Amino acid sequence: MPWLSAHLTIVASGFVAMVTSALILRQRRTPQATLAWLLFVVLLPYVAVPVFAALGFRKSRVRFDSVSFDPSPASDLHSRMMQNYGLPGARAGNDFHLLPGGEAAWAALLVVVASAQHRLDITLYALEDDAVGRAFCDAVTERAEAGVAIRMILDSVGALRRPQQAIARLKRAGAEVRRYSPLLHGPWGGHINLRNHRKMVIADGAQLWAGGRNVGAHYLGPQPSPGCWQDLSYRLSGPVVGDFN
């Protein structure tokens with residue numbers, strides 16, 4: 001009976017749209033964003049529901065401990081806030097260098113990579129397929145060939161245009177290279193819009209390069225680049241680096 005199949009399809013579609021709308025209303029968004037999602041579901045439910053399933057869910061708060069704010073004296077405020085966030089307290093014996101320029105950030109990055117004698121841990125959002133990205137991979141490959149254990153995590157979206165051949169050489173040298181949140185995964189593998197934007201290179205748990213810059217000519221390099229992205233990086237050494245592992 002065609003009419004029954006059509007009726008059940010309409011009912012099922014309405015039910016799914018209603019559940020999706022309820023989920024949208026339960027999540028914390030601006031009124032404009034909430035209204036936009038609801039209109040999307042009403043006008044184009046067959047498109048909106050799959051898009052919401054892939055991109056609409058926000059980070060779940062139940063995975064994180066709540067942060068309490070203790071009305072302490074001003075002198076203790078920073079220390080107590082760090083403790084409430086689960087961060088370690090201040091310690092002596094560390095060396096911090098701010099790297100405001102792309103050339104300085106590139107030079108410091110190579111120094112940290114070259115300093116690794118036992119282990120090199122790398123996590124990046126974007127690793128560009130250009131001269132800078134390939135040169136970085138070559139520097140890491142040299143350490144892998146010298147017997148240094150290499151672990152690298154790249155974001156699947158940010159590093160979509162990664163230097164494939166350079167990474168293949170790095171893997172052949174013994175490095176372990178993984179992608180964070182692949183675009184194709186099972187229904188419980190995470191959401192496409194939850195990306196890994198960390199940029200850190202850690203050598204032997206003692207030297208750290210980090211900040212806002214990705215590895216590519218748009219962010220840093222041996223020569224000044226017109227239109228280069230303006231950002232900050234830093235180099236850190238000392239016992240505090242162990243907290244980044």
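What you see is a predicted model; the values in this text were computed from it and never measured.
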Does R143 reach the side chain of V113, with side-chain heavy atoms less than 4.5 Å apart? yes

Could you tell me which residues satisfy ring pair (Phe, Tyr, Trp, His ring centres under 6.0 Å) with H118, sequence neighbours excluded, listed by chain and number? none

Can you say whether the rings of Y125 and H197 are parallel (under 30°), tilted (30 to 60°) or perpendicular (over 60°)? parallel

Carefully, step by step, assess R235 and D95 under the rule salt bridge (charged side-chain N to carboxylate O under 4.0 Å, His left out). CA-CA 8 Å; R235 179 184 172 191; D95 192 18; over 6 Å; no

Would you indicate whether the side-chain heavy atoms of V148 and E142 approach each other to under 4.5 Å? no

Shared hydrophobic cluster, L208 / F96 (ILVMFWY, side-chain heavy atoms < 4.5 Å): yes

Are the side chains of F244 and L236 in touch, meaning some heavy atoms are under 4.5 Å apart? yes

Answer whether the closest heavy-atom distance between the side chains of C228 and L220 falls below 4.5 Å. no

Same cluster for F136 and L99 if Ile/Leu/Val/Met/Phe/Trp/Tyr side chains link at under 4.5 Å? yes

With a 4.0 Å cut-off on N to O distance, would you call D155 and R198 a salt bridge? no

Could you tell me if the side chain of V215 sits less than 4.5 Å from the side chain of C137, heavy atoms only? no

Using the side chain to side chain contact (heavy atoms under 4.5 Å, CB included) rule, take R162 and D129 through it: C-alpha gap first, then chi angles, then the decisive distance, then the call. CA-CA 5 Å; R162 56 195 178 276; D129 186 12; 6.0 Å; no

So, does D204 use its side chain to make a donor-acceptor pair with the main chain of R119 at under 3.5 Å? yes

CD/Q165: more than 12 non-hydrogen atoms of other groups inside 6.0 Å: no

For a 4.5 angstrom cut-off between non-hydrogen side-chain atoms, does I167 reach L154? yes

